[in-house]
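In what follows, chains are A, B, ... by sequence order, proteins preceding strands, each numbered from 1.
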2 protein chains.
Amino acid sequence: MPGTSPDFAARLRAAGLRPTRQRVALARVLFEGGHRHVTAESLHGEVRATRIPVSLATVYNALNQFRDAGLLREVVVAPGKSYFDTNTGHHHHFFVETDGELHDFPSDKVTIAGLPAPPKGTRLSRVDVIVRVRR
Amino acid sequence: MPGTSPDFAARLRAAGLRPTRQRVALARVLFEGGHRHVTAESLHGEVRATRIPVSLATVYNALNQFRDAGLLREVVVAPGKSYFDTNTGHHHHFFVETDGELHDFPSDKVTIAGLPAPPKGTRLSRVDVIVRVRR
DNA sequence: TGCACCACTTAGAATTATTCTAAACTACTT
DNA sequence: AAGTAGTTTAGAATAATTCTAAGTGGTGCA
């Protein structure tokens, strides 16, 4: 399929980020293939396997920048651990408490009714539903 | 109202926890008055004001024990910060992202429909709804 | 094409939240 | 009153993340 391979540099530029070697390497790991959940540590491990040198600090920087640019979504499920989700569309999460696994599920079948109005002076940012399960 | 003043020692004993001076002091701060949200730091500050010596390590221990005993519920909203909620009944949360505030709202008006079945081999633990808002 | 500028990356130190360790203490049982 | 197991404690240790200051490298412009 010529021409269909995603141009990560262009995608980063479109998000207002300079396409450096390490950001492109990180984007490739994150966005080629299907949706993923990563932590800074796990992503650092993966990108190091590509032989492009990327420090852990850069992984943290990039994850925060990607999130701010809307390329990733941050999900906080347990104290001291946050995941970044490459799926930025509407969806919710299963969290398997017993082994720290996170799974997406689509939100199109899910309806939430009866939510109260946001406290005055605030506007809605997003509604997170986390279904906690255990083995 | 004679006889209605809550006996914190008895309450701790009922939860299987020895009612030590510091646990009783913490329970008093937490459970007298209405529902509260605290962090380890904020609770430590409050209990120190009662002039009963309680170390921060003990605050962490007690919060974890109270949670395990079902006296508190832990809510994780932001990376590196978790709140303990004295309201253990069914309810959900507003989280004001811009200033880190957490507010309860009752779940009796809220209905969630269309949730998928838990992944096989797991059973439901709890469904958290966090409505994120910003100023 | 070469160069300069400023954004970016980096190693390591710093920070923050939380847990651990080992010794001292104390509530409960006998 | 004394024994003993459960608790508390200060301080060290750990873990996740951010900061700092110096070096590197895209980018736009000559």
Taking atom C1' of C:dT18 as reference, at what distance in whole Å does atom CD of B:Glu74 sit?
11 Å
Atom pair distance, as rounded to whole Å: CZ in B:Arg48 and C1' in D:dT8:
16 Å
Would you mind listing the cluster partners of B:Val76? Hydrophobic ones only (ILVMFWY), side-chain contacts under 4.5 Å, chaining allowed.
A:Val76
Would you mind listing every side-chain hydrogen bond (donor to acceptor under 3.5 Å, both in side chains) that reaches into residues 14-34 of chain A, with sequence neighbours excluded?
A:Arg23-A:Gln65
Per-nucleotide protein contact string for nucleotides 7-17 of chain C, where B marks a base within reach and S marks sugar-phosphate only (heavy atoms under 4.0 Å, - for neither):
SSSBS-----S
Are any non-hydrogen side-chain atoms of B:Glu41 and B:Leu56 less than 4.5 angstrom apart?
yes
Sequence neighbours excluded, every pair satisfying side-chain hydrogen bond (donor to acceptor under 3.5 Å, both in side chains) that has a member inside residues 48-58 of chain B
B:Ser55-B:Thr58
Atom CD1 of B:Ile52 and atom P of C:dT26: how far apart are they, to the nearest Å?
14 Å
Rounding to a whole Å, what distance do you find between B:Arg13:CZ and C:dT29:C1'?
13 Å
Under the rule for ring-ring contact (aromatic ring centres under 6.0 Å, His included), what residues qualify as partners of B:His91, not counting sequence neighbours?
B:His93
Hydrophobic side-chain clustering at under 4.5 Å (ILVMFWY, transitive links): who's grouped with B:Val127? Put none if nobody.
A:Phe94, A:Val96, A:Phe105, A:Val110, A:Ile112, A:Leu115, A:Leu124, A:Val127, A:Val129, A:Val131, A:Val133, B:Phe94, B:Val96, B:Phe105, B:Val110, B:Ile112, B:Leu115, B:Leu124, B:Val129, B:Val131, B:Val133
